[in-house]
Amino acid sequence: DRNRAFDLTQCVVADVTNAAAYIVRAILQIRSAASACPEPKACAINIMNIISSFAWISQFTSLAVSDCWDKGSQKALCAADISDMVAAVTNGPAAGIASVSDCADLPDPLEEEKHLPMD
């Protein structure tokens, strides 16, 4: 069945890979937040990014449940939609706050470093 092959490809290539990537991203963001929280703006950006990363982990995990299972799951798709909404609602303001310094004519490098993942 062609749709089943597509679902399995989505499961492995997109869902599982993206969930794993967001786990790594969340770990890096937590490390960054731990050092930046004395700065209120950087702390707010990092906390919102952490929440959005966990929501995207939830979204991709939910999509994997639906795509990897041969019968699919309407509830998993619903959970994915809700998780995506939470991620978007928290990521949007973080990007907006970060853009104030990132898009400045002469950005302060110290301000920018406060909301970047640590190496």
Go through the steps for Met48 and Ile97 under the test side-chain contact (heavy atoms from CB on, under 4.5 Å), then give the verdict. CA-CA 10 Å; Met48 287 185 279; Ile97 295 168; 3.4 Å; yes
Ignoring hydrogens, what is the shortest heavy-atom contact between [X] and [Y]? Give both atom names and the distance.
| X | Y | answer |
| --- | --- | --- |
| Ile57 | Ala19 | CG1-O, 4.0 Å |
| Thr17 | Val12 | OG1-O, 3.1 Å |
| Ala87 | Ser52 | O-CB, 3.4 Å |

Polar contact flag, side-chain donor to acceptor under 3.5 angstrom, Trp56-Asp84: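 Yes.
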Distance in Å, [X] [atom1] paired with [Y] [atom2], rounded so as to fall on 0.5 Å steps:
| X | Y | atom1 | atom2 | answer |
| --- | --- | --- | --- | --- |
| Ile27 | Ser53 | CD1 | OG | 10.5 Å |
| Ile50 | Arg31 | CD1 | CZ | 12.0 Å |
| Ser62 | Asp81 | OG | CG | 9.5 Å |
| Lys41 | Asn46 | NZ | CG | 12.0 Å |
| Ile23 | Arg25 | CD1 | CZ | 13.5 Å |
| Thr90 | Ile51 | OG1 | CD1 | 6.0 Å |

I want to check something: taking the side chain as every heavy atom from C-beta on, are Asp15 and Thr61 in contact at a cut-off of under 4.5 Å?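 No, side chains not in contact.
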Between Asp67 and Leu8, is the side-chain contact (heavy atoms from CB on, under 4.5 Å) condition met? List the steps. CA-CA 6 Å; Asp67 291 336; Leu8 286 174; over 6 Å; no
Derivation of the side-chain contact (heavy atoms from CB on, under 4.5 Å) call for Asn49 and Asn91: CA-CA 6 Å; Asn49 281 333; Asn91 185 255; 3.3 Å; yes
Same cluster for Tyr22 and Ile45 if Ile/Leu/Val/Met/Phe/Trp/Tyr side chains link at under 4.5 Å?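 No, because Tyr22 and Ile45 fall into different hydrophobic clusters, even though each may have its own neighbours under 4.5 Å.
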